[in-house]
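Structure, as structure tokens:
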Amino acid sequence: MRPDVQPSASHFINGAPVEDTTGAPLGVVFPATGERIARLHEATPAVIEQALAGAQAAQKEWAAMSGRMRGRVLIRAAGIIRERNRELSVLETLDTGKPLSETLVADAASGADALEYFGGLAGGLTGEHIPLGGGPGGDFAYTIREPLGLCVGIGAWNYPTQIACWKAAPALACGNAMVFKPSELTPLGALKLAEILHEAGLPPGLFNVVQGGGDVGAALVSDPRVAKISLTGSVPTGRRVYEMAAAGMKHATMELGGKSPLIVFDDADPEDAVSAAILGNFYSAGQVCSNGTRVFVQGGIKEAFLERLARRLRGAVMGDPLDEATSFGPMISEGQLAIVLAHIARGKEEGARLVTGGRRAERPGFFLEPTVFADVTDDMTIAREEIFGPVMSVLDFTDEDEVIARANATQYGLAGGVFTRDLARGHRVVAALEAGTTWINTYNLTPVEMPFGGVKISGIGRENGHAAIAHYSRLKSVYVGMGGVDAPF
Ligand code: NDP
């Protein structure tokens with residue numbers, strides 16, 4: 001029996017569910033069947049105002065608490081999420097269509113990791129002492145680490161719960177308040193997170209969820225009370241949001257799209273390289289920003305790689321995402337499926353060799369077969385544009401310098417990976433890659449301890465790791481004069 005996922009209200013503000021049925025209706029569809037499973041409403045201007053005003057009012061008291069006390073709330077929330085992992089994973093599966101076999105390990109669990117990690121850091125957030133000479137009793141400076149104030153988080157639909165946690169955890173740890181807008185396609189996970197944070201003791205007003213599309217996002221981003229925006233989304237949206245942030249001189253973190261290279265040298269373990277290419281192209285039906293969608297394979301290993309890849313893909317189990325035996329789910333929506341099918345048609349037109357897949361599956365919902373193109377060249381559209389679906393492009397290469405130059409010949413710079421048994425080469429290649437997040441002999445692992453983010457048009461700022469603290473706090477410098485004050489006259 002499928003659980004009822006209709007929330008009691010569309011939004012969560014000031015510690016309580018809030019409804020305003022005058023907002024435009026927002027249907028939630030289970031991508032595996034196309035059925036509507038919940039009905040919500042977009043935030044009206046009154047709802048947006050309530051969220052922003054409530055967050056602003058609550059923030060000062062939260063910032064005045066000790067970091068350790070703030071951290072305790074986050075760590076408690078992490079515990080509740082872990083206890084309820086299965087229920088939250090089923091919800092995430094219904095919201096996104098991703099197989100339960102994935103959501104059980106990658107979504108709420110990764111959100112809990114973030115709450116626990118930043119909860120732990122919260123008590124240790126400090127400025128620094130800067131001696132300025134003169135020995136004991138001489139002048140010195142110190143810095144005070146302050147929260148930014150009111151932060152806005154805007155999420156994409158591929159990892160709704162993880163994205164909400166990756167933004168809320170460091171924001172709250174640093175003493176900020178957050179108003180979060182999920183993607184209109186996946187509004188459910190963030191509401192649960194809000195409930196859980198409050199159950200864990202978060203005071204009302206500090207984490208608020210408002211629903212809606214780009215207009216609601218834009219209203220939040222452009223509000224003068226907002227000090228920081230963190231967006232996960234596409235490059236075109238990132239450009240618009242970054243421009244609005246710039247107009248108000250706001251802090252911004254942009255986690256945007258990519259077209260990342262995965263480079264497989266002849267000496268790589270072929271089975272591991274294939275595993276990484278599968279994870280980096282077909283997990284979450286390929287809807288992952290850091291995917292290694294340009295798989296560069298050196299001549300000597302190419303046949304072994306393609307043969308193993310074809311064999312392994314036959315093991316993919318497409319089916320009901322709620323069945324834990326399913327390992328490959330649907331795309332998020334009919335619209336995204338159409339975009340990906342158009343890319344596949346373009347790949348064929350431009351002369352890429354379709355090795356497997358390429359068609360919509362004959363079943364309800366938005367399923368697309370895992371698709372592999374070989375003999376892809378750098379100029380083809382499928383090698384240049386982000387597809388955001390289960391489509392892998394395999395490109396040939398001969399030597400190291402060549403592949404580095406080709407891997408970097410893109411405006412994107414989110415991620416990249418290299419497979420080789422020669423570790424000196426592995427380090428040399430990732431050092432040369434123009435990418436924010438890289439892997440050697442693995443792919444797409446994003447533990448919360450490791451900073452994550454892009455360079456070039458893939459974004460600015462970093463999520464996760466200690467690095468995220470700098471993006472949710474600011475420094476005040478204090479110069480302390482310990483002697484007299486000299487003046488020229
Ligand atoms: P979109 O850019 O379409 O949307 C992202 C979010 O921004 C949504 O909540 C959207 O609202 C909102 N939005 C749209 N227009 C505006 C606006 N003018 N002002 C404020 N907010 C706005 O991305 P998708 O949801 O389609 O997600 C896919 C993209 O996200 C891919 O490019 C992918 O690479 C990227 N991504 C990046 C990640 C990273 O960490 N680097 C991780 C995951 C995805 P709505 O959609 O509800 O209208």
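Predicted model only: the values in this text are computed from it and were never measured.
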Working to the nearest 0.5 angstrom, can you tell me the gap between [X] [atom1] and [Y] [atom2]?
X      : Y      : atom1 : atom2 : result
Leu132 : Met482 : CG    : CE    : 11.0 Å
Leu94  : Phe30  : CG    : CZ    : 5.0 Å
Arg225 : Gln59  : CZ    : CD    : 13.5 Å
Ser477 : Ile130 : OG    : CD1   : 6.0 Å
Asp272 : Thr442 : CG    : OG1   : 8.5 Å
Leu206 : Leu197 : CG    : CG    : 9.5 Å

Subject >> Phe12 and His198 aromatic centres sub-6.0 Å >> reply: yes
Original post:
Can the ring centroids of Trp157 and Phe388 be said to lie less than 6.0 angstrom from one another?
Top reply: yes
Greater than 12 external heavy atoms within 6.0 Å of [X]'s [atom1]:
X      : atom1 : value
Met69  : CE    : no
Phe140 : CZ    : yes
Glu61  : CD    : no
Arg363 : CZ    : yes
Gln411 : CD    : no

Provide the closest heavy-atom pair for [X] versus [Y] in the form atom of the first, atom of the second, distance.
X      : Y      : answer
Asp95  : Ile332 : O-CD1, 4.1 Å
Pro147 : Cys174 : CB-O, 3.2 Å
Thr253 : Glu463 : CG2-CG, 4.3 Å
Gly416 : Ala435 : N-CB, 4.2 Å
Gly257 : Glu386 : CA-OE2, 3.3 Å
Ala108 : Ile81  : O-CG2, 3.4 Å

Original post:
Please walk me through it: do Arg2 and Glu35 pass salt bridge (charged side-chain N to carboxylate O under 4.0 Å, His left out)?
Top reply: CA-CA 12 Å; Arg2 188 182 305 160; Glu35 294 164 78; 3.3 Å; yes
Original post:
Which is it for Glu243 and Arg240 under the salt bridge (charged side-chain N to carboxylate O under 4.0 Å, His left out) test, yes or no, and what are the steps along the way?
Top reply: CA-CA 5 Å; Glu243 257 176 46; Arg240 280 196 292 278; over 6 Å; no
Any side-chain heavy-atom pair from [X] and [Y] closer than 4.5 angstrom?
X      : Y      : value
Val235 : Tyr412 : yes
Val152 : Lys228 : no
Thr232 : Lys167 : yes
Leu256 : Ser234 : no
Ile75  : Tyr117 : no
Trp62  : Leu202 : yes
Leu150 : Met178 : no
Ser260 : Tyr443 : yes

Subject >> Residue among Thr96, Thr93, Thr161 satisfying side chain to side chain donor-acceptor pair (under 3.5 Å) with Thr103 >> reply: Thr93
Subject >> Verdict with reasoning, Glu116 to Arg76, per salt bridge (charged side-chain N to carboxylate O under 4.0 Å, His left out) >> reply: CA-CA 8 Å; Glu116 185 175 62; Arg76 219 180 281 137; over 6 Å; no
Original post:
Given Thr410 and Lys456, is the side-chain hydrogen bond (donor to acceptor under 3.5 Å, both in side chains) satisfied, shown in steps?
Top reply: CA-CA 9 Å; Thr410 166; Lys456 296 161 86 176; 5.9 Å; no
Please check this pair: side chain of [X] against backbone of [Y], looking for a donor-acceptor N/O pair closer than 3.5 Å.
X      : Y      : result
Asn176 : Ala171 : yes
Asn208 : Gly205 : yes
His129 : Ala141 : no

Original post:
Would you call Arg462-Glu255 a salt bridge at under 4.0 Å N-O?
Top reply: no
Table please: side-chain donor-acceptor pairs of residues 39-48 below 3.5 Å, with sequence neighbours left out.
unit_1	atom_1	unit_2	atom_2	d
His41	ND1	Gly23	O	2.8
Glu42	OE1	Gly213	N	3.4
Thr44	OG1	Asp20	OD2	2.7
Thr44	OG1	Val47	N	3.3

Original post:
Could you go step by step and tell me if Val28 and Val5 meet the side chain to side chain contact (heavy atoms under 4.5 Å, CB included) rule?
Top reply: CA-CA 10 Å; Val28 186; Val5 294; over 6 Å; no
**OP:** Please determine, by modelled atom types, if Gln162 and Ser110 share a side-chain donor-acceptor pair under 3.5 angstrom.
**Re:** yes
**OP:** Carefully, step by step, assess Ser290 and Asn444 under the rule side-chain hydrogen bond (donor to acceptor under 3.5 Å, both in side chains).
**Re:** CA-CA 7 Å; Ser290 50; Asn444 257 358; 2.7 Å; yes
**OP:** Mind running side chain to side chain contact (heavy atoms under 4.5 Å, CB included) on Ser327 and Met318 for me, showing each step along the way?
**Re:** CA-CA 6 Å; Ser327 59; Met318 190 188 278; over 6 Å; no
**OP:** Give the C-alpha distance, both sets of side-chain angles, the deciding distance and a yes or no for side-chain hydrogen bond (donor to acceptor under 3.5 Å, both in side chains) between Asn85 and Ser89.
**Re:** CA-CA 6 Å; Asn85 183 46; Ser89 302; 3.3 Å; yes
Subject >> Parallel, tilted or perpendicular, as decided by the 30° and 60° cut-offs, for the rings of Phe328 and Phe282 >> reply: perpendicular
Subject >> Audit row: Asp139, Tyr479, side-chain hydrogen bond (donor to acceptor under 3.5 Å, both in side chains) steps and yes/no >> reply: CA-CA 8 Å; Asp139 287 4; Tyr479 186 114; 2.6 Å; yes
Subject >> salt bridge (charged side-chain N to carboxylate O under 4.0 Å, His left out) between Asp215 and Lys181, worked out >> reply: CA-CA 11 Å; Asp215 292 349; Lys181 187 200 87 65; over 6 Å; no
**OP:** Could you walk me through whether Gln50 and Val18 pass the side chain to side chain contact (heavy atoms under 4.5 Å, CB included) test, one step at a time?
**Re:** CA-CA 10 Å; Gln50 198 185 341; Val18 167; 3.9 Å; yes
Original post:
Leu475 and Arg145: side chain to side chain contact (heavy atoms under 4.5 Å, CB included), yes or no, with the steps?
Top reply: CA-CA 5 Å; Leu475 291 178; Arg145 186 170 293 284; 3.9 Å; yes
Original post:
Honestly, is Arg239 close enough over Tyr242, meaning NZ or CZ under 6.0 Å from the six-membered ring centre and within 45° of the axis?
Top reply: no
